[in-house]
S.K.: 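Take this structure first; my questions come after.
Everything numeric here is computed off the predicted structure, so don't read it as measured data.
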Amino acid sequence: MSPFGGWGALAAFLTLLCCRGSGEKAFEGPEHLMVGSGEVQVINCTASCTDPKSLVLETHLNKTLLDSQAQWKLFKVYNISKDEQLLCSFTCAGKQEMKVFNITVFYPPKQVLLTLSHTSVAVGTLFTIKCRVPAVAPLEGLTVTLLRGTEILYNQTFVGTAPFPQDAVVTHNTTAHREDGHRNFSCEAKMDLRSRGGGLVHRVSDPQRLEVKEPEPSNQMVIMAIVIVLLLLFVTFVFLCFVFSEKWRRGRTGHYPVQAAWNRLRRSHRAQPL
């Protein structure tokens, strides 16, 4: 049984206990009800006079009588699968009267499915978070929130009153941070129908964890590094060739310092007269 139908039944029973034997008019309840698909609903059919005749609830749905007094009857209606009108009819002072209960069927979020486009990404890489809430209606009043830990990454409130169920899908692109590897990603769906006579349904997805890695060097950076290393090796090779060739040239021409001094000494002895 949905939480909406449960609260309606509880309120009806509590009111029933309060009003029994008091002589006051019984609580009639709202004439517009929100009921989850396939759920049950308690209907309090109350006449406008103190001694009605033929007090009945007219519907093609299965129903059972829970309790009754002279002025009211409490029914449980089963398996409401589409929008319905339930007629509470009675006769007061020979005049037939009727009260209409308009029931709107909604499809609450029963599943919230979170998907990460990647389970492992590098720091600074974009990835996509996708949340799907299957078969919900109406979309109006549905809010889907994407969470990183307790931080709200993105939320979306839907619009539209289509009565048939449809999937609500939210996607969001974000950048991976180092600390994301220590956080859970999740998605929550809230359907708030309190303004339409319903209640609040809250569902949360199973958490997902993202593996975050350090970025790998790109091919272009690798090529640039190789070119720089080769250029340094080439410059070093040219320098060494120049140094060795200069030493070899000096050795051939006798330009070593010791050899030069010895040559000067020999020339000075030759220049002295005998």
Side-chain angles (χ1 to χ4, degrees), residues 1-8 30 32-41 79-84 102-216:
M1 184 173 178
S2 74
F4 299 170
W7 280 111
H32 195 140
L33 303 171
M34 299 288 295
V35 180
S37 176
E39 303 292 345
V40 301
Q41 179 66 40
N79 297 325
I80 303 174
S81 59
K82 61 184 182 66
D83 294 355
E84 299 281 353
N102 293 299
I103 294 182
T104 301
V105 171
F106 72 96
Y107 297 80
K110 295 183 178 181
Q111 283 184 304
V112 181
L113 306 175
L114 179 71
T115 305
L116 301 179
S117 61
H118 299 80
T119 57
S120 178
V121 295
V123 174
T125 303
L126 278 175
F127 67 100
T128 301
I129 306 172
K130 180 179 179 181
C131 182
R132 183 171 67 91
V133 186
V136 290
L139 287 181
E140 182 183 5
L142 177 67
T143 299
V144 176
T145 304
L146 302 177
L147 298 167
R148 177 170 55 194
T150 59
E151 175 192 359
I152 297 178
L153 286 177
Y154 181 76
N155 62 10
Q156 180 176 339
T157 299
F158 289 82
V159 296
T161 57
F164 52 87
Q166 53 190 303
D167 291 359
V169 180
V170 172
T171 58
H172 177 66
N173 296 323
T174 188
T175 303
H177 301 84
R178 286 182 176 84
E179 58 272 18
D180 289 346
H182 307 288
R183 299 176 180 176
N184 285 328
F185 290 85
S186 60
C187 174
E188 67 175 17
K190 289 183 179 180
M191 177 176 279
D192 189 353
L193 299 174
R194 288 174 290 187
S195 63
R196 302 177 60 183
L200 177 66
V201 179
H202 180 217
R203 295 285 184 273
V204 181
S205 71
D206 292 332
Q208 300 283 342
R209 184 61 67 91
L210 182 70
E211 181 186 1
V212 180
K213 303 179 296 184
E214 291 298 323
E216 297 180 358

S.K.: I'd like to know whether T143 forms a side chain to side chain donor-acceptor pair (under 3.5 Å) with T157, so could you lay out the CA-CA distance, the side-chain angles of the two residues, the decisive distance to 0.1 Å, and finally the verdict.
M.R.: CA-CA 4 Å; T143 299; T157 299; 3.0 Å; yes
S.K.: For H202, what residues pass the side chain to side chain donor-acceptor pair (under 3.5 Å) criterion, not counting sequence neighbours?
M.R.: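 Once residues adjacent in sequence are excluded, the partners of H202 under the side chain to side chain donor-acceptor pair (under 3.5 Å) criterion are E188.
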S.K.: Please give me the minimum heavy-atom distance between V169 and F158, naming the atom from each residue.
M.R.: O-CZ, 3.9 Å
S.K.: CD of E211 to CG of D180: how many Å apart, nearest 0.5 Å?
M.R.: 12.5 Å
S.K.: Which heavy atom of A176 sits nearest a heavy atom of V121, and at what distance?
M.R.: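 Here A176 and V121 meet closest at CB-CG2, 3.4 Å.
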S.K.: Compare every heavy atom of Y154 with every heavy atom of T171, then report the nearest pair and how far apart it is.
M.R.: O-CE2, 4.3 Å
S.K.: Are there more than 12 heavy atoms of other residues, nucleotides or ligands under 6.0 Å from atom CZ of R178?
M.R.: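 It does not: R178 CZ has 12 such atoms or fewer within range.
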S.K.: Can you name the closest pair of heavy atoms from L210 and H118 and give their distance?
M.R.: CD1-O, 3.2 Å
S.K.: Write down the atom of L142, the atom of A168, and the distance for their closest heavy-atom approach.
M.R.: CD2-CB, 3.6 Å
S.K.: Rounded at 0.5 Å granularity, tell me how far NE2 in H172 sits from CG in N155.
M.R.: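 One gets 10.5 Å once the value is rounded to the nearest 0.5 Å.
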S.K.: Would you check, one step at a time, whether the test side chain to side chain contact (heavy atoms under 4.5 Å, CB included) holds for I80 with V105?
M.R.: CA-CA 7 Å; I80 303 174; V105 171; 3.7 Å; yes
S.K.: Regarding D192 and R194, does a basic nitrogen lie under 4.0 Å from an acidic carboxylate oxygen?
M.R.: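 Yes, D192 and R194 are salt-bridged.
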S.K.: Throw together a table of side-chain donor-acceptor distances under 3.5 angstrom for residues 122-136, partners on residues two or more places apart or in other chains.
M.R.:
| residue | atom | partner | partner atom | Å |
| --- | --- | --- | --- | --- |
| T125 | OG1 | A122 | O | 3.0 |
| T128 | OG1 | N173 | OD1 | 2.6 |
| R132 | NH1 | D167 | OD2 | 3.2 |

S.K.: Measure the spacing between NE2 of H32 and OG1 of T104 and express it to the nearest 0.5 Å.
M.R.: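 With rounding to 0.5 Å, NE2 (H32) is 3.0 Å from OG1 (T104).
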S.K.: Is it the case that more than 12 heavy atoms not belonging to H177 sit under 6.0 Å from its NE2 atom?
M.R.: yes
S.K.: For N184 and R209, which heavy atoms make the closest approach, and how far apart are they?
M.R.: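 Closest heavy-atom pair between N184 and R209: OD1-NE, 3.0 Å.
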S.K.: First locate atom CD of E39, then atom CE of M34, and finally report the distance between them rounded to the nearest 0.5 Å.
M.R.: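 If we round to the nearest 0.5 Å, E39:CD and M34:CE are 13.0 Å apart.
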S.K.: Okay, side chain of S205, backbone of V112: is any donor-acceptor separation there less than 3.5 Å?
M.R.: no
S.K.: To the nearest 0.5 Å, tell me how far R148 CZ sits from E179 CD.
M.R.: 7.0 Å
S.K.: In Å and rounded to the nearest 0.5 Å, what is the CZ to CG distance from R183 to L147?
M.R.: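 One gets 11.5 Å once the value is rounded to the nearest 0.5 Å.
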S.K.: Considering only heavy atoms from C-beta outward, does the side chain of L114 approach that of F185 to under 4.5 Å?
M.R.: yes
